[in-house]
Amino acid sequence: MTIRRANFLTDIIDADLAAGRVTRVATRFPPEPNGYLHVGHAKSICLNFGLARDYAGTCNLRMDDTNPVKEDVDYVLSIQKDVRWLGFEWAGDVRFASDYFEQMYAAAERLIECGDAYVDHQNVEEIRQNRGDFGRPGVDSLFRTRSVAENLILFRAMRSGAFVDGTCVLRAKIDMSHPNLLMRDPLLYRIRHAHHHRTGDTWCMYPMYDYAHPLEDAVEGITHSICTLEFESNRELYDWVLDHTRNADGEPWNPRPRQYEFARLGLGYTVMSKRKLLQLVEEKRVNGWDDPRMPTIAGLRRRGVTPEALRDFADLIGVAKNNSLVDIGKLEFCVRQDLEKRAPRAMAVLQPLSLQLTNWPLGHTDLLTIPWKSGESATRQVPFGREILIERDDFSEDPPADWKRLSVGKEVRLFGAYFVRCDEVVREDGEVIGLRGTVDLDTRGGETKDGRQPAGTLHWVDATHALDCELRLYDRLFTVEQPDADGDFLPHMNPDALQVLQGQMEPAAAELPAGTHVQLMRVGYFFSDPVDSEPSKPVWNRVIGLRDTWTKAPGRTDGRPDRRKEAPEARKDLPGKDATQKKNRVEWRAERRASTPELAAAHGRYCALGLDADAADLLSEEVAIVAFFDQALRAHPNPLSLSRWFLNDLEGLRKGRPLGEISLDGATFGHFVALVDGSRITVQAGKQLLAHLVANGGDPVALIAAMGLGKVDDNSAIFAAVDAVLASMPGEVTRFRAGDQKLLGVFIGAVLKQLRGSADAGAVRQSLLERLKE
RNA sequence: UCGGGGAUCGUCUAAUGGCAGGACCGCAGACUCUGAAUCUGCUCAUCUAGGUUCGAAUCCUAGUCCCCGAACCA
């Protein structure tokens, strides 16, 4: 049973289900088949398929193949393979946007018939020019006012192949001065005489993403269409398309899909854009899409990362809307955690250093039995002879004080075998080429009866029985955390991201079944390369090294920058702004008042009433507010109280909606505030009531009775509640008496909740303090 | 310049007016036939300034910073 992690999307789905907006959950994962999937897609896959699983819904796999010049059937296959490998199965067959081309076309004709779309003959340059920009509205196309009949003829001609690429396009007729540039008559269809990987030459025009995607979702009955943050602006167009099209029965889409956006995965020390990944592959800077250095799913799989680790990673990083850069250490953690559990242990040395054991009988081999994993019963045989290979790094002529490895005169344990001591160093041209030492024959199996402790325990292999193997060590693909932060990412490539070593491995490792993940003791987790490995020449990929708290102890050598903010910096916003800077809200309102006498008068009146400048300023922002507030003032002439409730509470409750659209008028609002001021209802309960009034309207007095919000002045009721609450929280009471003052709020909250907000918070507080003193 | 988003430990993410929590990283210790794993403990955060409230990460006001958007790409 998987534990569902809550995030803003599960909140939305819970609310949708509770409100009955949807009765089931249907999601989709919609890649464009123009590249291989990467770990960022893995996050999205886990999200979409995970949501479907958690809510017993469905998730479709859909190829968003609306641009034939970039897409390829190879990618279609690799995508399916990767999704399955990650452990997910889609509902029904794989879907293709191209399967809906006929329906999309029909919907486009209907759009034309309704006057919502037109064929534009402007060229690319003209269209761009006339779209305007952030500071300038666009201009209508000369072709915008063509008749429906003419548009229909032209559009059909587009389909029939009467035009060459670029001659014309179909555009939605929305608004060329819309502040959202995507809404300035967006393109719906463009002509492309191109061969499509599925529809072949059936079509010579193809729908654009913004038109196609909502229809794909709607046709499939998707309820929650989840995409990444950069599509936030597209949502308005997504909704427009669904609002202006109908299903096959001519009905509005039901369920009506909704788009939600989450932050895509940003991962340190790598690049994630398909374009850049493609560039690495095409320029042969890596060895294909499945190069183990690549963040592609294929690359991670070949390197030896498991689907479980990737899914754990997706869970670990969560889902939110913050722009985030995930520390690659989190992925490494998940990989280690997963491999730690599953990997049998074996020994291999990366850079061998010979150790001759001078007291070991010549030609004799001892066969030791060592468990594959400590504490488990499965074992393997490990030969031990006169010449042993140890790791070059495990010997030091000049060791630091805390050296736990071999040095001259020191004794170490060879894992699972014997204690050995180093007696002398063998040199050639001054360089260490080997060691000579002695073995304690009484320590077979690595134990000694006299309780002697060796300096440390090393991994090793027997020189005469060791197997040659290629060991590929991987490191981060880039040397900086954000290779694509600015300019070219290529110069930041890590030349040492792949290091190939010829190592020596214990013979039993060859018996391990293919696809086994193994921990080479003290070196890391390895995975037999599924492509280049051969029985005669095994190739092992290091998935990830072991956590190392020693080699980089004094000063970190991994180069990870500390992103901690530097100490309290000088305030930047200190000097007064010069007047030439952009207008702020206050100035904007002042200008409005200057040009609207009614607002200016209201402002003056409110100031005279004793309101402070800020409040008066805000209340005279627009005529509707003034009218509302004046009405309230007539019902309850307490300007201060009214302004506080209006500004601090009502403004939040109406969430930007015009005052005319909420179910509460000024007089009722005034009446409401009078009730609070007259102690008929507490502030706490007042907030509940106001929220209800804004949402549903009604008569405040009647509602107080109906909702049971009337103020309780009866102290005995408060005492009873206080006692009940304190009795139910003995632990908290003890902590409070021990000095944890924060808990007073918890108690107040609990009492108020029990009394449904109908008691005065001050009185509750008093009562609690008295009781707690005892 | 306009529109849309976002801001909580170094990192990722919770807390939906009531004890700022978890995880990664880091540090310290215990244990150890892997300087691993395991176990224990510790360090560390609400962008700023005002306001409302008994009580604010959360509501209001003003500001600051960051991201996205002007392909016949998705």
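Chain A is the first sequence line, chain B the second, and so forth, proteins listed ahead of strands; every chain is numbered from 1. Below, each value reflects all heavy atoms present in this structure, side chains not excepted, and no hydrogens, waters or symmetry copies. Bear in mind that the values here come from a model prediction, so they are computed numbers and not experimental data.
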Nearest to side-chain heavy atoms of [X], which nucleotide of [options]:
X: A:Glu232; options: B:rC12, B:rU53, B:rG5; answer: B:rG5
X: A:Val746; options: B:rC24, B:rG18, B:rA56; answer: B:rG18
X: A:Lys330; options: B:rG3, B:rA56, B:rA23; answer: B:rA23
X: A:Leu618; options: B:rU34, B:rU61, B:rC12; answer: B:rU61
X: A:Glu32; options: B:rC54, B:rC19, B:rC73; answer: B:rC73
X: A:Leu647; options: B:rU13, B:rU16, B:rC60; answer: B:rC60
X: A:Phe415; options: B:rA14, B:rA74, B:rU34; answer: B:rU34

So, does [X] get its side chain near the phosphate of [N], meaning an N or O under 4.0 Å from OP1 or OP2?
X: A:Arg184; N: B:rG69; result: no
X: A:Arg589; N: B:rU61; result: no
X: A:Asn322; N: B:rC12; result: no
X: A:Arg644; N: B:rU52; result: yes
X: A:Arg192; N: B:rC73; result: yes
X: A:Thr66; N: B:rA74; result: yes
X: A:Thr549; N: B:rA36; result: yes
X: A:Arg190; N: B:rA74; result: yes
X: A:Arg522; N: B:rA37; result: no
X: A:Arg585; N: B:rA62; result: yes
X: A:Lys655; N: B:rC59; result: no

Rounded distance in Å - [atom1] ([X]) to [atom2] ([N]):
X: A:Glu230; N: B:rG4; atom1: CD; atom2: P; value: 18 Å
X: A:Asp394; N: B:rA36; atom1: CG; atom2: P; value: 14 Å
X: A:Met208; N: B:rA74; atom1: CE; atom2: C1'; value: 9 Å
X: A:Lys404; N: B:rC31; atom1: NZ; atom2: C1'; value: 11 Å
X: A:Asn323; N: B:rA7; atom1: CG; atom2: C1'; value: 10 Å
X: A:Asp402; N: B:rA28; atom1: CG; atom2: P; value: 12 Å
X: A:Ile748; N: B:rG18; atom1: CD1; atom2: P; value: 13 Å
X: A:Tyr238; N: B:rG3; atom1: OH; atom2: P; value: 26 Å

Any salt bridge linking [X] with [Y]? Criterion: basic side-chain nitrogen under 4.0 Å from a carboxylate oxygen.
X: A:Glu125; Y: A:Arg128; answer: yes
X: A:Glu651; Y: A:Arg644; answer: no
X: A:Asp185; Y: A:Arg171; answer: no
X: A:Asp393; Y: A:Arg405; answer: no

Notebook entry, point to check: If you measure from the C1' atom in B:rU46 to the same atom in B:rU16, how many Å do you get, rounded?
Noted result: 16 Å

Next item on the list: Write down the atom of A:Met183, the atom of A:His178, and the distance for their closest heavy-atom approach.
Entry: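 That closest heavy-atom pairing would be CB-CG, 3.4 Å.
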
Next item on the list: Could you check whether the rings of A:Phe384 and A:Tyr418 sit parallel, tilted or perpendicular, using 30° and 60° as the cut-offs?
Entry: tilted

Next item on the list: Decide, applying a 5.5 Å centre-distance limit and a 30° plane-angle limit (both strict), whether A:Phe134 stacks on B:rG69.
Entry: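 Here the ring of A:Phe134 and the base of B:rG69 are stacked, with centres under 5.5 Å and planes under 30°.
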
